[in-house]
Amino acid sequence: MPAIDDSVFADMLASLEDWQSFSGVGSATLFIAAMGFEDRSPACFESWCAEKSQKKRTAILIEYPFNRTENEVQEARFDEAAAHNGVNVIKLPYDQRSLYGAVIGLTRTIADKSVVAVDLSSLASFALFPVLAAVINALPDSLLDICYSEAADYFPKRVEWESFQAKVSELDLYERSRLFDEQHFQSSGVEVVFECAPFTGHNPDRLPSSVVLVPNFAFERVNRMIDFTSEKYSVPRDRYDWIIGVPPDRERNGWRHDALWQMFDKPHHKHEASTLQYKEILLVLHNLWSERRFIESLTIATTGSKAQHLGTLLFLMMHQEVSLVLSQPKQFIAEKYSEKTGVQWQVRLGLVRDLLEQLVSWNQIIFSW
């Protein structure tokens, strides 16, 4: 007798694997990462290289054009690990305009891409979204592993923030904004704000726009994104929804959530999502989309955490109508970004084709006999 089941979002969310402690991605035949300046940047790559394999292994390593002096220290570690373990390396210079297509093109030249590992550790938002979109769209028959190394400590540190906050607490919004701009938490300047090529969205019904903003401490970048989205989508700042990150170690770093909220003048439409558990932001975005899908067109602007980017990416794969806005700084402030290597994680997302099916079929009616 036929039965009809309604596939719901909660079931799809539960079917996605949670982060696990990093135990290696030795089965991967293709490894994709960016070579940044942080201590944590090569940690997962060095582990992968050291795992013995009889297969031919290839790495696509993205080179950033900024912070060249600081990057070279970690790039030497990537080179040494690859050379010592016989890993073939393809270096890809970062170009915001062509990264998505370049990754797709390179994957087509690699003979064995049966298992792909993508390391988020140094993939900044403006690289992470095009890279993961390229992998998912170009490699449907590959198994996909995601790995990620946290930093041990992040800037600004609490004492630095509290000292600065004490100086600006009595100032008006204009003067506070000027001093935040001058402080250069995490990055300096803004090279470009742009709609991400794989996620330009579409709004055939000409619905009014709404914007969801996921900030970090890069005050300049966030505010230039507000300028961009306000003008392009005609959405005033006081109508934005803000998703403020909540660190998993609340006792030590929970203050960062409150600091971000204060930094951007305590926006009223505030939501919370873990900076590590990627499913949380996926759920928040789904709820916002569900509330307004028939009345507003959604745009996401983000400078959030790597794990938040992963959850956002999965949401975007579910909703091709949603657009994504990113920003690229002129340079990062290497000495005020992070320190040392912290906990390492991984999540196995399985066969890409099956993952896509999970993401797009969550609200379908299922017939069975």
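- Neither side chain, Asn71 nor Asn67, offers a donor N or O lying under 3.5 Å from an acceptor on the other.
- Cluster membership check: Leu316 does not share its hydrophobic cluster with Leu207, using side-chain heavy-atom separations under 4.5 Å among Ile, Leu, Val, Met, Phe, Trp and Tyr.
- Looking at heavy atoms from C-beta onward, Phe22 lies in side-chain contact with Ser47 at the 4.5 angstrom threshold.
- Grouping the Ile, Leu, Val, Met, Phe, Trp and Tyr side chains by contacts below 4.5 angstrom, directly or via other members, places Val190 with Val222.
- A cation-pi arrangement, defined by a distance under 6.0 Å to the six-membered ring centre and an angle within 45 degrees of its axis, is present between Arg57 and Trp48.
- Contact of the Cys196 side chain with the Pro130 side chain is registered, since non-hydrogen atoms from C-beta on lie closer than 4.5 Å.
- Hydrophobic clustering (side-chain heavy atoms under 4.5 Å, transitive across Ile, Leu, Val, Met, Phe, Trp, Tyr) groups Val211 together with Leu260.
- A perpendicular orientation is assigned to the rings of Phe129 and Phe199, their planes being inclined by more than 60° (bins at 30° and 60°).
- Note on ring orientation: taking the six-membered ring where Trp is involved, the planes of His286 and Trp362 are perpendicular (angle over 60°, cut-offs 30° and 60°).
- Between Phe217 and Trp255, the two ring planes are tilted [angle within 30° to 60°].
- The ring pair (Phe, Tyr, Trp, His ring centres under 6.0 Å) with Phe37 is formed by just one residue from the set Tyr337, Phe66, Tyr64; it is Tyr337.
- Contact check for Val212 versus Leu288: side-chain heavy atoms found under the 4.5 Å cut-off.
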